[in-house]
Amino acid sequence: MSSQRASESRLLLPSEIGDSTPSTYGTSCITNDDPESLSRKVLERNLLRKLDFRAAYLVLIYVLNQMDRNNAAAARLRGFEEDLGMKGAQFNTLISSLFIGYLFMQTPSNLILSRISKPSLYLSSCMSVWGLLTTLIGISTTYYQALSSRFLVGFLEATFYPGAVYLLSRWYKREELGYRTAFFTAGIGFSNAFGSLLASGILATMEGFLGYAAWRWLFFVEGYLTVVVGICGIFILPDFPSSPARWLTPAEHALAQTRMEEDSKGHGSVEPKLSGGSSDLLSMITDWRAWWIGIALSCSTASLSFNMFFPTLAATMGYSPTITLILCAPPWLMSSVTAVTVARHSDATRERFGHLVFALTMLTIGYVMAMSTMNITVRYISLFFMAQAQVANVVLLTWISNTFARSSSKQAVAIAFMNTIGTLGHILSPYIWPSSWGPTYARSYLICIMLASICISMCWVFRQHLRQLNAAAEAEERVLDLPKGYRYLL
C-alpha cells in the first residue's frame, strides 16, 4: 500500500481532478463499495500517470518553441538590428513575419493531424525542421534573409500549438483538460525565464567566438537544441488513443478510448455533427460563434503582446543588457505558478469566464502602473502583473476546446480555425510597440488595455449565449423527462 501511495505521489499532474465531477461530464457516479468501480479508478490513475509523463514532453517542446519565437528580442540588445542594417519599422516587420507564416498553416495542419495515426512523428519532424531554420537566421547577412527564415519558422511552428492542444483534447476529459493545457502552456513562463538567463549568458560570453557575433550564437544554440528535442520527441510523445500504444496495457488502452466516448456522451443533442474535413471547415466558417470567439482571442493575444518586447520594456529601467535579461526571469517564473493555479481552479469549478476576467484584470493593473510612472521599482512590479496575465489565453483556448464539437476532425478544425483568427493579434502586435513610443510606451499600454476590455466584453456575450443553450437543453429534458445531458462550461 505504501508503494502504491508513493507511486501516486509521483504523478506529474493530479489525476483525480475530476473525481468529484458529476455524471454529466462523462463517467457515471461511482461508490467506494463497488469493486468494479474501484478497479477502474486504479486503472485510470495508472493510465493518467503514464499519459502525464508522456504529455509533459510537450512542455519542453513549448519552452523551445517560445525561445525560438522570442529570441530576436534578446538579440536586439546585442547588435542584431545594426548588423543586418534594419531601419524604421523593419524590426517590427521581422517579428510579425513569423506570425504571417503561422497564419497560413494552422488549419491545414490540424486537418492533416486529424487524419494521421502518428502525431508524434508529424509534430516532432516539424519541430526539427524549424530548429534548422532558426540556425539559418544566425548566418543571415541581410535583413531579407532573416525575414525569409523567420517566415518559414512561423510556417512550421504553426503545426505545434494547435496540434498539441488537439492532441491533449483527444486524451483528457473536459474537467481535466484546462489544468493539463495550463501546465503545457506554462512553458511560456519557463521559456521566458530560462530563455532570458540562457540569452544573457550567451550574449555576455560568446561575442567573437569562432568569429561570430554573440547574437548569432544565440540562434545557433537555440536552433540546435530544438533539433535534438524534436528528434527525441518521435519516441516520447503519445499518439491518439485509437492508435497502437505499447506504453499502455490493453486494459489501459481500452479505458483511454472509453473515457473519451463517455466524455462526449450527449454532445450530439446540443450540437449537430458533420463529417468530412471540408464539411467541418465549412461549418466553422459559417458559425458566427467561431468568428466571435476567434476575434476575442485575437484581441486577447494582442493585449498580451508585451511578451514579445519584454526585454525592451525591462531595458527602460536603465540596466545593462545582461542585468536586464536576468531581471526578466523572476516575473515569468511566477507566471508559471499562477497559470497552473488559475487553470486548476478553473477546472475544479468548471468555470472559464471569471478566470479569464481575473487574468486580464491583472494585465490592466500592470499596464496602468507602468504608464503612470518611470520609477524603477514600480515599473519592475508592473512587469510581474503583466506576466501573470499569460494564463488568459490558456483559459480561453481551453474554453474553445470544451465548447466545440467532440467529433475529432471538427474539434481539430475548431481549435486551428479560431487560433488562426487569434494569430491576427500576433501580426498586429509588433506595431503596437514602435520604438518611437518609448521609453514610456504609454500609448502602447492604452491600446492593450482597450483590446483586453473588448475581449472581456465579447466573452461575456459568448457566455450569455452558452447559458441560453444550457437553459434550453434543461427545459427540453424537463418536458421530455430525459436524464441530464451535456452542458456547456461557462
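All heavy atoms count here, side chains included; hydrogens, waters and symmetry mates do not.
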*Asks:* For P162 and N110, which heavy atoms make the closest approach, and how far apart are they?
*Replies:* O-ND2, 3.4 Å
*Asks:* Check T159 against C126 and note the closest heavy-atom contact, atom names and distance.
*Replies:* OG1-CB, 3.3 Å
*Asks:* Which distance, rounded to the nearest 0.5 Å, do you find between the CG of L396 and the CZ of F462?
*Replies:* 8.5 Å
*Asks:* Go through D239 and Y122 one step at a time and tell me if the side-chain hydrogen bond (donor to acceptor under 3.5 Å, both in side chains) criterion holds.
*Replies:* CA-CA 10 Å; D239 293 314; Y122 176 72; over 6 Å; no
*Asks:* Please check: side-chain N/O of T316 versus main-chain N/O of T312, any donor-acceptor pairing under 3.5 Å?
*Replies:* no
*Asks:* Indicate yes or no for a side-chain donor-acceptor contact from S96 to the backbone of N92 under 3.5 Å, with no hydrogens or angles considered.
*Replies:* no
*Asks:* Counting neighbours of NE2 on H465 that are heavy atoms of other residues, nucleotides or ligands and sit closer than 6.0 Å, is the number greater than 12?
*Replies:* yes
*Asks:* Could you tell me whether W437 atom CH2 has more than 12 heavy atoms of other residues or ligands within 6.0 Å of it?
*Replies:* yes
*Asks:* Of the non-hydrogen atoms in F417 and I285, which two are nearest, and what is the gap between them?
*Replies:* CE1-CG1, 4.0 Å
*Asks:* Would a distance-only check, ignoring hydrogens and angles, find a side-chain to backbone donor-acceptor pair under 3.5 Å from S303 to S300?
*Replies:* yes
*Asks:* Would you compute the distance between atom CZ of F309 and atom CD1 of I432 and round it to the nearest 0.5 angstrom?
*Replies:* 9.0 Å
*Asks:* Looking at every heavy atom in both Y367 and L304, which two are closest together, and how far apart are they?
*Replies:* OH-CA, 4.3 Å
*Asks:* At what distance, to the nearest 0.5 angstrom, does CG of L490 lie from OG1 of T403?
*Replies:* 8.5 Å
*Asks:* Can a donor-acceptor pair be found, under 3.5 Å and without considering hydrogens, that links the side chain of S114 to the backbone of L111?
*Replies:* yes
*Asks:* Y166 and ring-ring contact (aromatic ring centres under 6.0 Å, His included): which partner among Y161, W171, Y172, F240?
*Replies:* F240
*Asks:* State, with a plain yes or no, whether a side-chain heavy atom of I116 is found less than 4.5 Å away from one of L113.
*Replies:* yes
*Asks:* Which atom pair, heavy atoms only, marks the closest approach of I295 to I421?
*Replies:* N-CG2, 3.7 Å
*Asks:* Would you say the side-chain atoms of S372 pair up with the backbone N or O of M369, donor to acceptor, closer than 3.5 Å?
*Replies:* yes
*Asks:* Which heavy atom of A359 sits nearest a heavy atom of V391, and at what distance?
*Replies:* CB-CG1, 3.6 Å
*Asks:* Side-chain contact, heavy-atom cut-off 4.5 Å: Y441 with F306?
*Replies:* no
*Asks:* Can you tell me how far apart CD1 (I427) and CG (L98) are? Round to the nearest 0.5 Å.
*Replies:* 10.0 Å
*Asks:* Should T301 and T423 count as side-chain neighbours, where that means a heavy-atom distance under 4.5 Å?
*Replies:* no
*Asks:* Any donor-acceptor pair under 3.5 Å linking the side chain of S346 with the backbone of V342?
*Replies:* no
*Asks:* So does A416 get a backbone contact from the side chain of T420, meaning a donor-acceptor N/O pair under 3.5 Å?
*Replies:* yes
*Asks:* Determine which pairs satisfy salt bridge (charged side-chain N to carboxylate O under 4.0 Å, His left out) with at least one residue from residues 147-160, sequence neighbours left out, and list them in order.
*Replies:* R69-E157
*Asks:* Tell me if the OH atom of Y431 is crowded by more than 12 foreign heavy atoms within 6.0 Å.
*Replies:* yes
*Asks:* Atom CG of L255 and atom CE of M260: how far apart are they, to the nearest 0.5 Å?
*Replies:* 11.0 Å
*Asks:* How many angstroms lie between CZ in R54 and CG in D52, if you round to the nearest 0.5 Å?
*Replies:* 12.5 Å
*Asks:* Quick one: does Q390's side chain have a donor or acceptor within less than 3.5 Å of a partner on A387's backbone?
*Replies:* no
*Asks:* Please confirm whether the backbone N or O of I234 pairs with a side-chain atom of S124, one donor and one acceptor, at under 3.5 Å?
*Replies:* yes
*Asks:* Answer yes or no: is there a donor N or O on one side and an acceptor on the other, between the side chain of T134 and the main chain of F219, under 3.5 Å?
*Replies:* no
